[in-house]
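Below is one structure, written out as structure tokens, with a few remarks after it.
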Amino acid sequence: MFANTKKVEEFAENMASVDTVKGRSLWQDAMGRFLKNKAAVTSVILLGLILLFSFVGPYFAQWTNEEIDWSTLGAVAEKGRPSIESGHYFGTDDLGRDLYSRVIQGTQVSLMVGVVGALIAVIVGTLYGAIAGYFGGRVDSVMMRAVDILMAIPYMFILILLLVVFGRSIIMLFVGIGLVSWLSMARIVRGQTLTIKNKEFVEAAIATGVPSFIIILRHIVPNLLGVVVVYATLLVPEMILTESFISFLGLGVQEPNTSWGALISDGAGTIQYGTLWQLLFPLFFFVVSLFSFYFIGDGLRDALDPKDR
Amino acid sequence: MSEAETLLRVEDLKVYFDIRPEGAMPWTKSLKLKAVDGVSFDLKAGETLGIVGESGCGKSTLARAVISMVPAESGHIVWLGKDLAGKTGDAIRPVRREIQMIFQDPLASLNPRMTIGDIISEPLWTHHPKMKKAEVKLKVEDMMRKVGLLPNLINRYPHEFSGGQCQRIGIARALILEPKLIICDEPVSALDVSIQAQVINLLQSLQDELGLSLIFIAHDLSVVKHISDRVMVLYLGNGCEIATSKDLYAHPRHPYTRLLISAVPIPDPSIELSREVELIKGELPSPLNPPSGCVFRTRCPKAQPLCAEEKPKMEEKSDGHFAACHFPD
């Protein structure tokens, strides 16, 4: 019966000397759940392809986005059709410029607007909301009333005013979108902070004497990130939509720059001349990326949902 | 025990919370919730003080006031001769190293996004920012061994541990700075009984090894009796009775203590059925509007007109046995 004592002892010794066990963080768990979501994974692949297209695409272009193909002028509906022979894979626009190159350019601009807008929202909104929520009381009241006031101003009006007064430029567009995008993020983050700051691990940190600012960065923000990431992925398409709307109104990016919104606007303007491709190609990229962002956001929310833990 | 130095002396500590009635105008005066209303006690080095009382009597608030997490309205908290009351921020930080806390909910007291190693070493990073990484790791592994955790679990996350293990992690975090006093805020209430025993034995052996003082808060009288040298009974933010645990359980002087002890179930059905349990009548009064005089008089079987008029002082009724009652047993 005791014959195996030695083996058991050996085993116990082995156990004690086993290398440090690697833990699975909540992020790794969430990643596993996300990868099981087919719609989200497909969306990530599609979005990756669109991103790849916007960087690699120019090497396959036979025309730059500024060149005008004079041969198509006046007869865009017949000679400007999408064709491999003429080198206009997506056809030409009304001025005879290569739509393939223009779509690539628009993709770059639109994605950049979306990502930069969301990034401003994430950084400013998270810190602002976390500080307001953590300190509470009067600080919270003042900071959140400021947000309320800013939210009460119709942002489209401000954006248009900014673009008219300071001139139309991409920088101004970023400033305008950045000014408004963080407001709702700050609110969401503040609400989450209120629930997290009463958790015992925050109390433990306070009792240990960790300074407030480090508590916010080390204990509050990492526990907020789930919500923030989900909201940020949903914010990117919102930013793209805003930019497209402004461009559609004719106030956004300026020629020779372009964006999805501007291209769609052009395409919609010439629809009765039988050049449907001018609308459909930018619209395709626009719709596919918006859907992808929304599906990714949904997938992330399901993966990071604390109730699933 | 009387020769040992006094670590902590709390004198007439009051903690009030402002409560704003729903829909009140900004200029109306807010109500005062008297969470702790004049509690005094002292604690000697190496001693364990148990604090018992029913839910909402101010046990946890008292603990949080002692480490200045909630501001005291008035009174003194004297730690090794220095008054901590009213101090915040940087002034209190050196003292934080010497008083640590263990919390009720073991899992909630650990940050789910940090590894066990990071959690246990956080106090070290905070108070010794220049300590070398290797040294910190060594200390953390040493402490994990002390509380009965395998050091190779250092990179794991809290959700991968059981409740008892999480409480050990909490204890390791509290001990890593080698504090003089640990405040345990119901450290075993959320654990099942066999784990409770393990954690309590661990606390006791660590106390013997490191010469710690403990303030042990619980609502389980038998647990408190087992671990404490002296016990304080709280009722509605007021201290009722302080005595050595043997004395308190054998000869309770305050009627509330007597009723509390008689309510402890005895794990023997024949005795349990035959004995008469004297129940405390009535409801706990609101701390927003506590009764005049002695706060227990509304539920006390011995209440007299004097009790409504005058608040009884905490007085020494016999050697080392203090009670706040006009008509002690």
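All values below were derived from every heavy atom in this structure, side-chain atoms included, with hydrogens, water molecules and symmetry-related copies excluded. Every chain is numbered from 1, with letters handed out A, B, ... down the list of sequences.
Enclosure of atom CZ in A/Arg138 is not indicated, since only 12 or fewer non-hydrogen atoms of other residues, nucleotides or ligands lie within 6.0 angstrom. Atom CE of A/Met31 has 12 or fewer heavy atoms from other residues, nucleotides or ligands within 6.0 Å. Within 6.0 Å of the OH atom in A/Tyr128, the count of heavy atoms belonging to other residues, nucleotides or ligands exceeds 12. In A/Phe291, the CZ atom is not crowded: 12 or fewer heavy atoms of neighbouring residues, nucleotides or ligands sit closer than 6.0 Å. Atom CZ of B/Arg97 sits in a crowded spot, with more than 12 heavy atoms from other residues, nucleotides or ligands closer than 6.0 Å.
Rounding to the nearest 0.5 Å places CD of B/Gln104 at 10.5 Å from CD of A/Glu203.
A/Glu200 contributes a side-chain N or O that, together with a main-chain N or O of B/Asp105, makes up a donor-acceptor pair within less than 3.5 Å.
Residue B/His127 comes nearest to A/Thr208 through the heavy atom pair NE2-O, 2.7 Å, listed as atom of the first residue, atom of the second, then distance. Taking all atoms of both residues into account, the shortest heavy-atom contact from B/Met69 to A/Ala207 is SD-CB, 3.8 Å. In terms of heavy-atom proximity, B/Thr126 sits nearest to A/Pro211 at CG2-CD, 4.4 Å.
A heavy-atom distance below 4.5 Å is not found between the side chains of B/Arg113 and A/Arg218. Side-chain atoms of A/Asp29 and B/His159, non-hydrogen and from C-beta on, do get closer than 4.5 Å to each other. Between B/Pro112 and A/Phe201, some side-chain heavy-atom pair lies under the 4.5 Å cut-off.
Put simply, of B/Thr115, B/Leu110, B/Asn111, the one with the most heavy-atom pairs under 4.5 Å next to chain A is B/Asn111.
With a 4.5 angstrom heavy-atom cutoff, B/Ile67 touches chain A only via side-chain atoms. For chain A, the nearby parts of B/Ser109 are the backbone and the side chain; heavy atoms of each come within less than 4.5 Å.
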